[in-house]
There are 2 protein chains.
Amino acid sequence: MTLTEQTPKKVAIIGTGVIGNGWIIRFLANGFDVVAFDPAEGAEEKTKQVIKNAWESVKELGLHPEADQNRLTFVSTMEEAVKDADLIQENVPERVVLKQQVLADIDSHAKGDAIIGSSTSGIKPTELQVQMKNPERLVVAHPFNPVYLLPLVEIVGGESTNQENINLAYQFYEKANMKPMIIDKEIEGFVADRLMEALWREALHLVNDGIATTEEVDKAITYGAGLRWAQMGPFMTFHLAGGEQGMRHMLEQFGPALKLPWTKLEAPELTDELKERVITGCESHAGERSVAELERRRNEFLVKLMDLVEEYWP
Amino acid sequence: MTLTEQTPKKVAIIGTGVIGNGWIIRFLANGFDVVAFDPAEGAEEKTKQVIKNAWESVKELGLHPEADQNRLTFVSTMEEAVKDADLIQENVPERVVLKQQVLADIDSHAKGDAIIGSSTSGIKPTELQVQMKNPERLVVAHPFNPVYLLPLVEIVGGESTNQENINLAYQFYEKANMKPMIIDKEIEGFVADRLMEALWREALHLVNDGIATTEEVDKAITYGAGLRWAQMGPFMTFHLAGGEQGMRHMLEQFGPALKLPWTKLEAPELTDELKERVITGCESHAGERSVAELERRRNEFLVKLMDLVEEYWP
């Protein structure tokens, strides 16, 4: 099955906290019909306020021709929320037992061909699908705050998820103007949160050990590596730090630092195999572009980005 | 002593690899006289090529009225390089013994009131200054690639460094249009590299364990957290992810994740004291601005940043 232009696009959002509301705005902005359910007092009013605050930004990013804030309906039961939905996105608090129950409940009311996505930040889909009657349609679809702006969504299937549903989920999120990334091996925290959590834990150690304040940690990122990571991740960043020889030189120069206590995290052994994987990965990502050419583009980007940072974070 | 407009501004750059050349460009662009020394064959020609490639960017960023590429002189001995310099920046390979020797050599030829900065990425200044006759004038001044664009420089003194020299170094780097950050407690990797190295090691684990390719790791950062880190570091990012209650709510929601295997890095115990330090740190950094107000600014920033990323990294 492939999603077409004619495919009905109705999504249900279960749980309307920061992440659930983010999904609502993203789907509305991309021309979907949205049904929302959250038992909390005043949830609908809160969501409407959040939409109002965010709409200017999504408008500037570019609205789908059929985008309409009024295509949102709040309902008062789970059954009503999910019964006609093609995609149901679960966003309840990060507790395994709660999520298992809610997902089983969603599953029991959803129509046969609906896909169910969980926004969990790090719980494995195999663990989430244990109580579902139709576990083959459960994927983790982990977004990033603000969901209506940041394009990344990690898609991860569990042991019982079938590949067709993963592909279908991919197409749904792509229609919502996202950059989906399918992760084949499920691990706690997936990929992005493992990276973020490593940075986060090290940041907490620094504050805990009295080395830096929260503001100093933020400054260390904002004026340094953070500027580069917006355009390139850690690998291409280091590829460019290696000079003409790129990552190959970088690993020679900074490989030994992996043995030093530069973080509380133990490094993997830098075997020849890992080295080659990293070097050829960067070289293939860089493609035909030389390090000097990549540098010129990075420089143009950084100059403009720093102007932007100056304007918005003086 | 305070640097004034009249203070002579002559710097010596020892070692002209990626970082040394980056310093040369930064100092030239900010109106300094620069003397460079590197015994490697063809170093001068290489540096001139690098300056040529980067000059357009520093020009766009804004040149000092007295900035001049011709204010660079290459010399053939250490003595000649350092004898008249007010600030000497050491950028030799990251090996303790080599750096100790070079720094002692610099020290023996430098004039009495010169400051000596080491670009080391993570070696403690106390270790670097052991062979110096005047260790009180050694600071670590750790920059970020590309040094001529990224503003952060970490300044760290060793056990023998005196405070006045730290303050003087701060003023020098500020005159070179940087955002210096003084780190009071010296630890391996200082602050920024501890954060980067944690992310880097986790990234290597992911590649080593076959979970993601280098390109997927980069994508996970670029389309997700990296966009936010350009404007805010990890703390303010999470402050905004916590909704109206900011970091206080965030720690309630994601504090328990610190116990989960979301990275290979062990987290510190989230004690009440650490919680308070993190929460009040974020609240004081946010100042009068509500989370909603910060969100609006972040959104405007992100929309523009994503346009920029789209343009430069299609």
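Every chain is numbered from 1 and lettered A, B, ... according to where its sequence line falls, protein lines coming before strand lines. The figures that follow rest on heavy atoms only: side chains count, while hydrogens, waters and symmetry mates do not.
In the displayed structure, B:Glu293 atom CD is contacted under 6.0 Å by more than 12 heavy atoms of other residues, nucleotides or ligands.
Contacts between B:Asp209 and chain A at a heavy-atom distance below 4.5 Å involve the backbone alone (N, CA, C, O). With a 4.5 Å cut-off on non-hydrogen atoms, B:Glu295 does not touch chain A at all. Using a 4.5 Å cut-off between heavy atoms, A:Met196 touches chain B through backbone and side chain atoms alike. Neither the backbone nor the side chain of B:Met178 comes within less than 4.5 Å of any heavy atom of chain A. For chain A, the nearby part of B:Leu206 is the side chain; its heavy atoms alone come within less than 4.5 Å. Contact of B:Leu302 with chain A is made through the side chain alone, with heavy-atom distances under 4.5 Å.
Inspection of the B:Tyr312 and A:Glu300 side chains reveals an N or O donor paired with an N or O acceptor under 3.5 Å.
Ion pair A:Glu311/B:Lys304 flagged as a salt bridge, since at least one NZ, NE, NH1 or NH2 atom sits closer than 4.0 Å to an Asp/Glu carboxylate oxygen.
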B:Leu150 and A:Arg228: CA distance, side-chain angles, deciding distance, side chain to side chain contact (heavy atoms under 4.5 Å, CB included) verdict: CA-CA 9 Å; B:Leu150 295 197; A:Arg228 304 181 302 201; 3.6 Å; yes
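Within residues 269-280 of chain A, the residues having any heavy atom under 4.5 Å from a heavy atom of chain B are, by residue number, A:Leu274, A:Arg277, A:Val278.
When A:Val207, A:Val18, A:Ile187 are compared by the number of non-hydrogen pairs under 4.5 Å with chain B, A:Val207 comes out ahead. Listed options A:Arg296, A:Glu216, A:Met247, A:Arg298 were ranked by heavy-atom pairs under 4.5 angstrom with chain B; first place goes to A:Arg298.
Rounded to the nearest 0.5 angstrom, B:Thr222 OG1 and A:Lys179 NZ are separated by 11.0 Å.
Applying the ring pair (Phe, Tyr, Trp, His ring centres under 6.0 Å) rule to A:Phe238 yields the partners B:Trp200; only residues at least two apart in sequence or on another chain are considered.
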